[in-house]
There are 2 protein chains.
Amino acid sequence: MAARTTQRKERMRQATLAEIRATARRLLVEHGSAAVTVNAVAREMGLSGPALYHYYAGHEELVGALVADFYRELAQAMAAARDARAGEPPAVRLLAACRAMRAWAVGHPAEFGWIFASPGPPRAERSADSPRHQAGLEFEQVVLEPFVELWETSPFPVPELDALDPSLREQLRAYSAGLGGRLPPEAAHTFLTCWIRLYGLLCMEVLHQLDFAFTDLEPVYEECLRELAAALGQEYRPPEPGR
Amino acid sequence: MAARTTQRKERMRQATLAEIRATARRLLVEHGSAAVTVNAVAREMGLSGPALYHYYAGHEELVGALVADFYRELAQAMAAARDARAGEPPAVRLLAACRAMRAWAVGHPAEFGWIFASPGPPRAERSADSPRHQAGLEFEQVVLEPFVELWETSPFPVPELDALDPSLREQLRAYSAGLGGRLPPEAAHTFLTCWIRLYGLLCMEVLHQLDFAFTDLEPVYEECLRELAAALGQEYRPPEPGR
DNA sequence: AGATCTATTTATAGCCTCTAAACAAACATA
DNA sequence: TATGTTTGTTTAGAGGCTATAAATAGATCT
């Protein structure tokens with residue numbers, strides 16, 4: 001078969017795959033999690049049910065592909081915010097990326113909801129080489145980068161390793177090693193502490209776990225950022241209304 | 001109809017309701033969220049499908065009833081841990097309740113998972129008088145109590161109201177008012193900050209959002225408790241192995 | 001032109017939710 | 001005690017879902 005022909009067919013296939021994901025996403029956003037069924041997506045595209053199985057092996061794989069998209073889109077939004085501040089101090093870039101994370105999450109609650117609580121099988125039986133998992137790793141890198149940058153230019157305060165619980169110390173060592181030495185265990189601890197507070201807050205907001213007390217979490221998030229800046233020994237700068 | 005007879009029938013009905021919930025819970029724990037279907041529960045009990053609709057109006061209501069159970073069980077576990085320390089300082093009781101919360105969550109991951117991310121309709125269309133919502137409120141009270149107790153006996157540090165973002169200040173005022181004045185807005189702020197950090201961490205653990213870095217979050221949780229104790233101006237006491 | 005590969009359809013099995021209608025057993029009252 | 005009502009249950013069935021198998025229409029290669 002001519003190479004040209006093969007390429008064209010491949011392009012067509014990719015286009016169909018993309019249309020499937022776009023349709024599924026629209027259903028998710030407009031009608032909620034339960035509306036994203038293989039049948040409904042196919043129907044919506046003018047295909048008949050089983051045709052879709054030539055593109056995704058089943059419901060689960062489709063969901064996985066969507067979540068991977070979401071991870072990448074979120075990571076890209078954060079990277080864009082960071083890069084829009086090229087040349088500015090690392091702390092400013094970090095804050096911008098963190099704000100971009102919440103902006104994306106609040107602007108895409110259904111998608112963000114699937115990132116940390118998508119339907120599907122128990123997490124135990126999720127292969128580590130799935131697109132979903134890969135995208136998760138990419139996301140981790142984007143989150144990590146600003147911290148590494150900060151650490152390399154103006155090291156932030158870290159705890160004494162010996163002061164930490166032995167089990168925690170070991171886990172930090174292992175994680176740090178997996179990072180290829182970009183952050184020593186102590187710095188990894190500070191990074192993870194910050195991450196837990198920020199991302200945890202966002203999870204709670206999007207899962208409506210704070211509706212009992214708050215109607216608007218923007219100021220709560222800003223306050224969290226202020227505390228993180230302080231914990232990192234960095235100057236806090238409020239968001240600029242324009243960008 | 002004799003009152004006695006009515007009572008007996010009502011007892012039978014309650015027993016069936018309880019058996020349904022117990023069966024559904026077993027399916028949840030043993031086979032995951034998706035296994036909890038009306039049909040499967042009925043089959044498991046030796047009933048035939050539609051019979052179950054005489055007890056719960058449908059899948060959604062059944063899930064709601066289960067979540068209410070879980071809320072209450074968690075609240076009760078916390079209350080029990082607190083009451084086992086009657087007479088000890090409020091801070092000790094608070095720490096005990098917080099540890100009981102994680103112990104329950106880790107011991108019942110499927111149930112805890114449903115508390116904050118159960119299947120069902122978008123949260124928008126959940127009535128505020130559902131059992132689920134009621135149980136959520138009860139849970140809030142149990143969480144709140146130790147903080148109120150602490151506040152009344154040895155007031156913890158609170159921020160200056162004027163130093164907070166105006167929107168946040170207003171939300172805190174509203175929340176405080178809804179609490180019937182048991183905590184002033186500043187104290188509510190401290191309470192909520194602590195709650196967000198603790199519960200947020202637990203959510204992330206149970207949703208496996210921290211698997212990328214940690215294998216055991218017990219020391220992370222303890223460290224969080226230590227920080228909270230410090231933020232509340234209280235002495236931190238490590239858990240006693242025995243209890 | 002015939003063989004092959006790809007995309008798609010129909011047909012089907014088996015599960016699900018939920019409603020309707022039939023039926024049986026328990027009960028209350030005349 | 002006989003009868004009608006209430007309650008719990010079952011069967012039947014409509015409609016949707018996942019997923020597979022088999023049939024079919026088109027495109028492509030030799």
Side-chain angles (χ1 to χ4, degrees), chain A residues 1-21 23-24 26-28 30-66 118-122 125-126, chain B residues 1-21 23-24 26-28 30-66 118-122 125-126:
Chain A
M1 175 153 52
R4 273 309 206 16
T5 315
T6 311
Q7 281 173 23
R8 204 188 73 90
K9 290 185 68 163
E10 186 54 24
R11 276 202 315 276
M12 292 300 292
R13 184 177 176 79
Q14 292 305 325
T16 305
L17 285 167
E19 188 188 345
I20 290 171
R21 293 197 305 276
T23 307
R26 187 169 57 72
L27 287 173
L28 170 64
E30 290 176 4
H31 305 300
S33 211
V36 184
T37 72
V38 173
N39 271 6
V41 172
R43 199 186 310 128
E44 207 72 7
M45 290 176 61
L47 284 182
S48 249
L52 225 140
Y53 286 80
H54 272 258
Y55 297 93
Y56 288 105
H59 183 262
E60 187 179 319
E61 194 176 301
L62 174 55
V63 171
L66 280 173
S118 49
E125 54 199 68
R126 281 182 194 169
Chain B
M1 176 157 49
R4 271 314 204 15
T5 315
T6 311
Q7 281 174 23
R8 204 188 74 90
K9 289 185 72 164
E10 186 54 24
R11 276 202 316 276
M12 293 300 292
R13 184 177 176 81
Q14 292 305 325
T16 306
L17 285 166
E19 187 186 346
I20 290 170
R21 293 197 305 276
T23 307
R26 187 167 58 73
L27 286 173
L28 169 65
E30 290 176 3
H31 303 105
S33 212
V36 184
T37 72
V38 174
N39 271 5
V41 172
R43 199 185 311 127
E44 207 71 10
M45 290 176 61
L47 284 183
S48 248
L52 225 139
Y53 286 80
H54 273 258
Y55 297 94
Y56 289 104
H59 183 261
E60 188 179 316
E61 195 175 301
L62 175 56
V63 171
L66 279 173
S118 48
E125 55 198 69
R126 281 183 195 169

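Every chain is numbered from 1 and lettered A, B, ... according to where its sequence line falls, protein lines coming before strand lines. The figures that follow rest on heavy atoms only: side chains count, while hydrogens, waters and symmetry mates do not. If you're wondering where the values come from, they're calculated on a predicted model, not measured in any experiment.
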> Under 4.0 Å: is that the gap between some side-chain N or O of A:Asn39 and OP1 or OP2 of D:dG16?
no
> OG1 of B:Thr16 to CZ of B:Arg13: how many Å apart, nearest 0.5 Å?
8.0 Å
> Given atom NE2 of B:His31 and atom P of C:dC16, what is their separation to the nearest angstrom?
13 Å
> Could you state the atom-to-atom distance from CD of B:Glu44 to P of C:dC15 in whole Å?
14 Å
> If you assign A:Ala40 and A:Pro50 each to the DNA chain D nucleotide with the nearest heavy atom, which residue ends up on the more 5' nucleotide?
A:Ala40
> Given side chains that start at C-beta, do those of A:Tyr56 and A:Val38 come closer than 4.5 Å, heavy atoms only?
no
> Among the candidates D:dT9, C:dT10, D:dT18, find the nucleotide nearest to the side-chain atoms of A:Thr37.
D:dT18
> Measure from the side-chain heavy atoms of A:Arg43 and tell me the nearest of C:dA7, D:dT10, D:dG16.
D:dG16
> Any side-chain N or O of A:Tyr53 less than 4.0 Å from the OP1 or OP2 oxygen of C:dA7?
no
> Would you mind reporting whether B:Leu62 and B:Tyr55 have side-chain heavy atoms less than 4.5 Å apart?
no
> Atom CG of A:Leu52 and atom P of C:dT8: how far apart are they, to the nearest Å?
10 Å
> Out of C:dT9, C:dT17, D:dT10, which nucleotide sits closest to the side chain of B:Val38?
C:dT17
> Indicate, with a heavy-atom threshold strictly under 4.0 Å, whether B:His59 touches base, sugar-phosphate, or nothing.
sugar-phosphate
> Nearest 0.5 Å, please: how far is CD1 in A:Ile20 from NE2 in A:His54?
11.0 Å
> Reckon B:Tyr56 touches a base, only the sugar-phosphate, or nothing at all at heavy-atom distances under 4.0 Å?
nothing
> For A:Leu62 and D:dC17, what is the distance between atoms CG and P respectively, to the nearest whole Å?
14 Å
> Over how many whole Å does the gap from B:Met12 atom CE to D:dT9 atom C1' extend?
13 Å
> Could you tell me how far apart B:Met45 (CE) and D:dT10 (P) are, to the nearest whole angstrom?
10 Å
> May I have the distance from A:His54 (atom NE2) to D:dA22 (atom P), rounded to whole angstrom?
13 Å
> Could you state the CD-P distance from A:Glu60 to D:dT18, rounded to the nearest angstrom?
13 Å
> Checking contacts here: which listed nucleotide (D:dG8, C:dA7, C:dT17) is nearest the side-chain heavy atoms of B:Tyr55?
D:dG8
> Quickly, which of A:Leu47, A:Val41, A:Leu52 forms a side chain to side chain contact (heavy atoms under 4.5 Å, CB included) with A:Thr23? Name it, please.
A:Val41
